[in-house]
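Structure first, then comments.
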Amino acid sequence: MSLPSSLEPAREPSKPVRTPLRPVREPLSDAPVVTVAAAVLALVLLPLAQRLSAGVDVLHGLEPFMELVAVLLGLLVVSVSLRTFERQEQARANVLVAGFGVAAACNLLHGMLLHFDAAHPPLLAGSADISLWLSSWARVAEVITLWFTAMRLSAPGLGRTWLAVACAITLAIVGLSLGPLPGWFAQVAGSALHQPLALALALALIVAATVLQRSARRNDQPRERILAWATMAFACGEITVGALGVHGSVASPLAHGLRVIAYALLYQAVFDAGIRRPFARIQEAESRLRESESRLARVVSAMPDMVFLKDADGVYLSVNPVFERFIGRPEHQIVGRNDFDLTTPAQARQFRQNDQRAMQTRQPLVYEETLTFAEDGYQGRFETIKTPIRDLHGRVTGVLGVCRDITERKRAAQEIERLAFYDALTGLPNRRLLLDRLQRSIATCQRTHKLGALLFIDLDNFKDLNDTLGHDMGDQLLAQVATRLVASVRAADTVARFGGDEFVVMLEALAPDLRTATAQAEMVADKLLASLNQPFALDGGQHYSTLSIGVTLFGEQRLSVDELLKRADLALYQAKAAGRNTQRFFDPDMQAAVNARSNLEADLRQGLARAELLVYYQPVVDHQARLMGAEALVRWRHPQRGMIGPADFIPLAEQTGLILPLGQYVLQTACAQLQRWSQHPDTAGLSISVNVSARQFRQPGFVAQVLHQLKSHGADPRRLKLELTESLLLGDIEDTIARMAQLKSEGVGFALDDFGTGYSSLSYLKRLPLDQIKIDQSFVREVLADPNDAAIVRTILALAKSLDLQVVAEGVETTGQLSFLQLHGCEGFQGYLFGRPVPMEVFACAHRPGKMPQPQAGP
Ligand SMILES: Nc1nc2c(ncn2[C@@H]2O[C@H](COP(=O)(O)O[C@H]3[C@@H](O)[C@H](n4cnc5c(=O)[nH]c(N)nc54)O[C@@H]3COP(=O)(O)O)[C@@H](O)[C@H]2O)c(=O)[nH]1
């Protein structure tokens with residue numbers, strides 16, 4: 001691609017950047033010595049030729065010829081100086097125009113008068129004096145001009161103005177000569193002063209020549225050097241006149257010859273500075289411009305961007321190879337055509353419109369567009385800059401276009417946005433984006449008076465799944481949950497992952513009244529619950545997961561984002577507290593519940609310290625209703641609230657970690673009781689079951705702690721049974737098995753509590769060193785009424801038998817339940833039918849080994 005140098009992008013005028021030109025090397029022919037030699041040769045050869053040809057007076061006609069040559073050279077000096085190439089030189093050149101204009105005119109008139117008089121009768125009376133007058137002024141003008149030049153004086157303005165000044169001065173000189181010549185001139189001309197004056201002029205010229213020479217050396221100025229030579233030649237001429245006089249066969253030709261040489265050098269200096277050097281510089285600049293153009297063309301060709309140049313009519317002037325690929329034709333088939341010849345009419349119209357906009361506004365137009373390459377079908381996103389081009393007069397003459405492929409940049413920007421605002425695992429909006437959208441949605445609700453809802457979602461027991469099956473499975477579940485959540489709401493609603501297993505659904509544009517909006521939100525929450533209750537396909541198997549949802553509505557009153565999130569979180573907490581896999585709406589009572597919860601926690605800490613926690617015992621009997629042992633169940637005798645059941649504080653104790661000291665207290669109480677029982681033969685065979693929460697079981701040093709308690713109380717490990725729940729199976733199963741095995745090796749027994757309600761895995765069940773499973777009371781309760789519960793109970797019993805495990809049925813309240821259980825092979829029972837949990841004093845009185853236990857008054 002080559003760019004026409006006449007076209008330049010339209011831009012604000014800026015300071016021209018000057019690149020220094022290389023100094024012009026002076027050719028030998030330009031040396032002043034060559035000029036001097038040439039002039040001398042001419043002056044010698046001319047009379048010689050004359051002599052050889054005619055044999056007449058060698059000097060005849062030479063003088064006027066030399067004078068004429070000097071005059072012509074003087075005129076040439078004036079003419080060249082009239083208009084210099086470089087403006088800044090003009091002021092100095094004007095000095096030459098004025099000075100040598102006067103000198104040339106006076107010399108011409110002098111020569112004309114002198115030589116006309118020699119051949120004809122005198123034209124004017126006293127023309128010899130006038131001729132001398134004119135010649136004298138010419139010499140004075142030459143000396144003054146060379147002095148001014150040496151002093152580097154300048155005369156600002158146009159050259160022709162100074163030519164006019166020269167003419168005026170000449171006219172004045174001529175005018176003065178037409179009357180009687182001034183007396184002083186006549187005196188000088190007619191006296192011996194003539195020669196000393198010539199010597200004085202010579203001296204002045206020598207000084208000027210010296211100054212010029214110095215200046216030439218200091219500034220490395222060839223022009224000044226040649227001028228110094230010229231001045232020196234003038235000085236020699238004056239010395240000749242001063243030493244030998246004006247007349248004489250040697251003096252006159254010599255003086256004239258030296259003047260010719262001086263003028264030749266003067267002309268050389270002026271020509272060199274005014275024409276030859278500027279011209280050489282222009283040539284140099286042109287060649288550099290061509291070089292730079294070709295370099296620019298190479299750069300443009302190598303650019304990965306599309307580059308094209310069009311004229312004002314949209315006709316292509318030049319394109320680069322990338323543009324050739326875009327159009328699918330070589331440059332020579334593009335140049336001279338417009339977009340309508342090269343692309344589809346719709347695209348051509350679009351291109352043309354943008355060209356015109358750029359040209360009309362005279363500003364670069366930047367926009368993005370999708371372009372498809374004709375050559376290979378590549379399609380990408382391009383950033384196009386169309387810059388109007390102006391000529392030297394500022395007229396817009398076309399458009400320079402550069403289209404940069406920003407497809408990758410766009411993709412990267414999108415990726416950055418995705419990472420910043422979207423969750424990498426699920427692809428859902430992340431917390432940041434949700435908060436932003438919620439903020440906007442709150443504002444929109446205020447404007448539209450419609451309500452919105454925020455649904456805080458937490459997967460139940462996700463942590464257990466993550467710990468058990470590994471993070472990969474956990475991630476798979478989260479991704480599937482995200483997909484189901486998105487599928488359950490409208491496209492306009494937002495489903496975000498808030499972090500971990502927390503999701504948030506934001507419903508917008510619900511009904512304006514609270515009741516309808518609540519119903520709408522409830523409906524969505526139910527839908528989400530139903531959707532997530534379906535099994536998930538994980539690693540080839542099925543996994544069941546549930547979720548808890550906390551809902552709060554927004555838009556009715558202006559609440560902050562933080563306040564809304566807090567409300568939804570509180571509602572979620574309530575949903576969890578309500579047994580999970582359910583939804584709860586925020587209402588102000590929740591806050592009170594939360595306050596109560598934190599008060600309870602503080603009270604529990606104090607209660608532990610103040611020994612307010614008690615251990616009750618509930619009997620466990622065999623198939624003949626003989627006492628086998630008891631389950632230790634904790635109670636809290638609250639100073640204000642009275643007796644509190646474990647269901648009201650065990651979950652809190654688990655969450656806060658208070659379960660550890662609490663569990664230890666129950667364990668040591670049970671061990672102490674075992675030791676007491678061991679003292680009596682009737683009770684020595686009884687065992688005590690102690691509930692151990694998952695957190696307690698997994699605490700470091702749990703095994704050692706149990707063994708320590710047994711040992712320190714002197715209790716028989718074989719009489720202690722630890723009741724674990726199925727949630728333990730979701731944790732690190734190998735660690736669970738290892739801990740159980742250690743305790744088992746010491747004689748401690750294990751029961752699996754609440755069997756059938758959790759995440760039982762038969763394969764794990766087989767691996768656990770269990771002694772007993774306890775059928776959850778929820779199955780026993782309806783065992784006679786609900787065939788499903790009956791079937792479950794039967795299955796558990798059969799399973800236990802096949803695994804050689806004892807079974808204890810919990811919550812046996814009626815003889816009917818007992819009969820059913822007995823009928824199907826159950827051998828252990830626990831329930832109000834045999835006794836409620838009671839303090840040991842009561843237990844000891846009510847339950848004696850071998851004696852059929854009597855139902856107790858609760859709790
Ligand atoms: N980690 C610990 N958990 C403990 C401890 N003490 C108790 N608990 C757990 O608290 C839950 C509630 O216990 P509680 O209120 O004591 O209820 C027990 C019995 O009173 C109740 N039960 C027994 N028979 C009947 C019956 O016939 N009907 C009926 N409605 N309820 C009955 O069952 C609870 C015993 O259940 P389980 O432990 O599953 O055998 C409870 O989950 C306890 O585990 C403790 O010290 N640590």
Side-chain angles (χ1 to χ4, degrees), residues 579 604 607-608 612-621 628-637 643-671 673 687-699 702 705-706 709 720-728 750-758 772-784 796 806-818 821 828-840 842-843 847 853-859:
L604 186 56
L608 272 166
E612 291 168 9
L613 289 137
L614 310 171
V615 178
Y616 278 29
Y617 296 88
Q618 184 176 31
V620 179
V621 300
M628 293 161 62
E631 180 177 359
L633 295 159
V634 72
R635 299 287 182 268
W636 181 11
R637 191 164 52 205
M643 200 62 83
I644 302 178
D648 292 334
F649 63 88
I650 289 289
L652 179 70
E654 280 176 344
Q655 282 167 27
T656 56
L658 287 172
I659 193 71
L660 304 180
L662 189 152
Q664 196 175 357
Y665 164 72
V666 175
L667 185 66
Q668 72 188 30
T669 308
C671 287
Q673 186 56 47
S687 59
I688 295 181
S689 302
V690 172
N691 288 287
V692 177
S693 74
R695 183 163 181 180
Q696 194 185 347
F697 184 80
R698 289 204 187 101
Q699 71 169 306
F702 174 75
Q705 201 182 82
V706 174
Q709 292 295 344
L720 179 66
K721 196 163 278 150
L722 299 182
E723 290 194 11
L724 308 177
T725 54
E726 288 168 310
S727 63
L728 255 184
F750 287 97
L752 193 57
D753 205 2
D754 306 334
F755 189 74
T757 57
Q772 189 181 76
I773 54 177
K774 294 181 82 174
I775 304 175
D776 190 68
Q777 52 181 282
S778 61
F779 302 120
V780 175
R781 196 176 301 129
E782 299 295 326
V783 77
L784 298 177
I796 293 173
Q806 283 179 8
V807 182
V808 171
E810 289 186 303
V812 182
E813 293 185 356
T814 65
T815 48
Q817 291 166 343
L818 179 65
L821 291 162
F829 309 94
Q830 183 180 346
Y832 293 168
L833 183 66
F834 306 102
R836 290 174 181 258
V838 287
M840 185 42 77
V842 181
F843 185 94
H847 309 291
Q854 298 301 309
Q856 304 290 312

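Ligands are counted one by one from 1 in listed order, and the atoms in each one are counted from 1 as well.
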May I ask you to identify, for L833, whether its side chain, its backbone, both or neither come under 4.0 Å of ligand 1 on a heavy-atom basis? neither
Between Y616 (side chain only) and R635 (backbone N and O only), is there a donor and an acceptor less than 3.5 Å apart? no
Output, in order, the C-alpha distance, side-chain angles, deciding distance and verdict of side chain to side chain contact (heavy atoms under 4.5 Å, CB included) for Q618 and F843. CA-CA 8 Å; Q618 184 176 31; F843 185 94; 5.9 Å; no
Which residue holds the protein heavy atom closest to atom 24 (N) of ligand 1, what is that atom called, and what is the gap in Å? Q618 NE2, 2.9 Å
Verify atom 10 (O) of ligand 1: protein non-hydrogen atom under 4.0 angstrom away: yes
Can you list the ligand 1 atoms lying under 4.0 Å from a non-hydrogen atom of K774? 40 (O)
Atoms of ligand 1 under 4.0 Å from any heavy atom of D754, numbered from 1 in the order shown, are 39 (O)
V666 and ligand 1 - part of the residue with a heavy-atom distance under 4.0 Å: side chain
Need the ligand 1 atom indices (1-based, order shown) with element for anything under 4.0 Å from a heavy-atom of P837. 20 (O)
G811 to ligand 1, any heavy atom closer than 4.0 Å: yes
Quick one: are Y617 and I688 in side-chain contact, heavy atoms under 4.5 Å? yes
Among all the protein's non-hydrogen atoms, which is closest to atom 27 (O) of ligand 1, and how far away is it? Y832 N, 2.9 Å
Can you sort out which atoms of ligand 1 are near E813, meaning under 4.0 Å from one of its heavy atoms? 26 (C), 27 (O), 28 (N), 29 (C), 30 (N)
Evaluate the side-chain proximity of V634 to L614: yes if any heavy-atom separation is below 4.5 Å, no if none is. no
Among all the protein's non-hydrogen atoms, which is closest to atom 12 (C) of ligand 1, and how far away is it? P646 CG, 3.6 Å
Minimum-distance protein heavy atom relative to atom 2 (C) of ligand 1: N691 CB, 3.4 Å
Pick one of side chain, backbone, both or neither for how V634 approaches ligand 1, counting any non-hydrogen atom pair under 4.0 Å. both
For K774, is there an ion pair with E631 - N to carboxylate O distance below 4.0 angstrom? yes
F779: partners by ring-ring contact (aromatic ring centres under 6.0 Å, His included), with sequence neighbours left out: none
Distance from atom 18 (C) of ligand 1 to nearest protein heavy atom, with residue and atom: L633 CD1, 3.8 Å
Checking E612 now: which residues fulfil salt bridge (charged side-chain N to carboxylate O under 4.0 Å, His left out) with it, not counting sequence neighbours? R610
Which protein heavy atom lies closest to atom 38 (O) of ligand 1, and at what distance to 0.1 Å? E631 OE2, 2.7 Å
Under a plain distance cut-off of 3.5 Å, with no hydrogens placed, do E810 and Q777 share a side-chain donor-acceptor pair? no
Flag, side chain of T814 to backbone of Q817, donor-acceptor distance under 3.5 Å: yes
Approximate separation, where rounding is to 0.5 Å, of E813 CD and L833 CG: 8.5 Å
Relative to atom 34 (C) of ligand 1, which among Q777, E810, R836 owns the nearest non-hydrogen atom? Q777
Around atom 17 (O) of ligand 1, find the nearest protein heavy atom and jot down its residue, atom name and distance. R635 NH2, 4.6 Å
Would you verify that at least one protein heavy atom lies under 4.0 Å from atom 41 (C) of ligand 1, or report that none does? no
Tell me if a side-chain donor or acceptor on E723 pairs with a main-chain N or O of V692 at a distance below 3.5 Å. no
